[in-house]
Amino acid sequence: MSIRQAMLAILEQGPMYGYQLRAEFEQRTGETWPLNIGQVYTTLTRLERDGLVEVVVGDAGSGNAGHGGVGEPLGSDRTHVYRATEAGRSEVSEWFATPVPRSQPPRDELAIKLAIAVTLPGVDVGTIIQRQRTATMASLQDYTRLKRTGRAATPQEPADLAWSLVLDALVFDAEAEVRWLDHCEARLRRAAAEREGVRPGASTPSTEGATR
Amino acid sequence: MNAVLHLAAVSRVHGEGATEVHALRSVTFRAHPGELVAVMGPSGSGKSTLLTLAGGLDAPTSGSVRIEGHDLATLDNAGRARIRRTSVGYVFQDFNLIPALTAAENVALPRELDGEKSRIARRLAVTALEEVGIADLVDRFPDEMSGGQQQRVAIARAIVGERRLILADEPTGALDTDTGEEILRLLRARCDAGAAGVMVTHEARHAAWADRVVFLRDGVVVDETGSDEPEVLLVEEAGR
């Protein structure tokens, strides 16, 4: 799971409190994949169990961690400062050295939805496609607005550049989805036209050609 | 706020009888000051027809086209030509610059055709070229410029003299990704400064720069993102 490795990789910068770790993560990725603080501590606890991080109890020697904790609720792990161990560092190197596998694509709800829809009578696939395209387009507009305004538009720091690249990833992803929907629409219209033995693009209006 | 461009129930039929093609079917469409609207659709969906009608380069079979309140059908040829030169700027995929003219001359041409003294027209042209970031290329000829630079000249030509309606037909089509994005940034800036923009594109990533995206299929608007602010329309209708 990449959050675990991402957190470990950020810890290579130096020892940190859990909430600092979260701030560093969000600095680079915006609010795209929000981390709740509980999740951060659970992950840190597991990393510690696996010997990949160690606790540097909030004493000296961890100058990098500051004297913070101001306003932080009391509780044992919230006052801990964590540091990557040697094993943790090699896990990070391993992560960077290994491509993210595509062999098991994440579940794509939209692809599944359309795959089911085209096989069912009485489902208006054309309308499903159009609604989805409008919704995806609206998200694409949102990402583009974020890209051309705010800190991603004129990156000052590496973390700003990171965030603008994450936005680009979202943009390309949404764009690919719109293209795929266009493609599905065209394929379905052609299939419908062939079934009815009529010339594609003849007088049937709007999306009815793709409707079943 | 009144629409700069208002198409009301516009239809356009090409040919007749068996070869009749309905390029647009009763399309209503507005572009307001400060707004960039993208029109998306596959080829044959009517998007180019929409742009041609919006620019007064063709007339609808039925319905009306108004630019800044002027119904194009009530104007004679000279009147339409004047609106085209003074209110509407065009940006094309292939730039459409005149090869024998320099950047400044290309941009100044519409002003000169409109009777502006050539010295003033040139000054306006240089200002427009500055605005699109190529003040240093004013005396270059099109074949001495890159595609992106030529498209900047075309945009300068489209905005020279404060024209309020910018019509762009696949303006990024012939450009690489980064250059295309720069062109969108310019169009966007012009609309943010108060112009109304209509851009036809088949690229979702580029359409996403618009405030509103309208989807055309078979000559019909099938959907759009955002809305055309109904309260604005009410005020507009009440004002007539």
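Computed from a prediction, not measured in an experiment: that's the story for all the values here. Every chain is numbered from 1 and lettered A, B, ... according to where its sequence line falls, protein lines coming before strand lines.
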Could you tell me whether a side-chain N or O of A:Q141 sits under 3.5 Å from a main-chain N or O of B:D211, the two making a donor and an acceptor? yes
Check whether A:Y143 gets within reach of chain B through its side chain, its backbone, both or neither, counting any heavy atom under 4.5 Å. neither
Less than 4.0 Å between a side-chain N and a carboxylate O, is that true for A:R189 and B:D218? yes
Identify whether the distance between the nearest side-chain nitrogen and carboxylate oxygen of A:R179 and B:E203 falls below 4.0 Å. no
Can you tell me which portion of B:A207 sits under 4.5 Å from chain A's heavy atoms? Options are side chain, backbone, both or neither. both
Flag the one option from B:A210, B:A208, B:G219 with the top tally of heavy-atom pairs under 4.5 Å to chain A. B:A208
For the CG atom of A:D182 and the CE atom of B:M40, what is their distance to the nearest 0.5 Å? 6.0 Å
Report, as yes or no, whether the 6.0 Å neighbourhood of atom CZ on A:R145 holds more than 12 heavy atoms from other residues, nucleotides or ligands. yes
Which heavy atom of B:D223 sits nearest a heavy atom of A:T134, and at what distance? OD2-OG1, 2.7 Å
Lys/Arg-Asp/Glu bridge criterion (N-O < 4.0 Å) met for A:R148, B:E181: no
Given side chains that start at C-beta, do those of B:R217 and A:E185 come closer than 4.5 Å, heavy atoms only? yes
With the threshold set at 4.0 Å, does a side-chain nitrogen-carboxylate oxygen contact exist between A:D173 and B:R205? no
Any chance CD of B:E20 has more than 12 other-residue heavy atoms, nucleotides or ligands included, within less than 6.0 Å? yes
In the structure I gave you, are the side-chain heavy atoms of A:M137 and B:F215 within less than 4.5 Å of one another anywhere? yes
Can you give me the closest heavy-atom contact between B:A204 and A:L140, atom names plus distance? O-CD2, 3.5 Å
